[in-house]
Amino acid sequence: MFLPQPPLGGTRSEPVPFAFVAEADRFRSNVTPPPRERLGAAQMTARSLVGLTVVAGLVGSLLFGMPALQPHRAPAKSQQSEASEGR
């Protein structure tokens, strides 16, 4: 199927029908995909451990990061060395 090209530097004055797009929506295949294989116990355990590790990492980073997000409070008494007390 040959579609005419628009002229250079111009706009199209008439719409070009794309019949193959409309046909693709109506197309139904009579071929069924093969059934999915069931996961074994080892694969389910591995996926669960990976998921738990990711969740634990996110929770840990949140717990360790929360103090850094708190507003900084200056100590009531400034700390000075003993050598500077006698001056």
Side-chain angles (χ1 to χ4, degrees):
M1 175 153 101
F2 176 74
L3 297 175
Q5 298 294 324
L8 294 175
T11 60
R12 265 183 213 180
S13 59
E14 62 186 43
V16 177
F18 291 99
F20 59 90
V21 175
E23 289 175 9
D25 290 339
R26 293 189 311 243
F27 179 74
R28 296 281 185 231
S29 175
N30 60 356
V31 178
T32 58
R36 287 186 158 183
E37 293 183 17
R38 292 184 56 101
L39 294 177
Q43 287 177 330
M44 288 181 64
T45 304
R47 287 186 181 186
S48 298
L49 286 176
V50 168
L52 285 173
T53 303
V54 169
V55 170
L58 291 172
V59 169
S61 65
L62 184 65
L63 288 175
F64 286 120
M66 285 302 287
L69 296 175
Q70 299 299 325
H72 180 68
R73 294 187 185 104
K77 180 181 175 186
S78 63
Q79 297 177 354
Q80 294 180 351
S81 66
E82 293 179 9
S84 64
E85 284 183 14
R87 292 185 180 181

> If you group Ile, Leu, Val, Met, Phe, Trp and Tyr by side-chain heavy-atom gaps below 4.5 Å, do Leu49 and Leu39 land in one group?
Replying inline: no
>> Is it the case that over 12 heavy atoms from other parts of the model lie below 6.0 angstrom from the CD atom of Glu37?
In response: no
>> Measuring from atom CG of Leu63 to atom CG of Leu58, what distance do you get when rounded to the nearest 0.5 angstrom?
In response: 11.0 Å
> Should Val59 and Met66 be regarded as members of a common hydrophobic cluster, given that ILVMFWY residues are connected when their side-chain heavy atoms come within less than 4.5 Å of each other, either directly or indirectly?
Replying inline: no
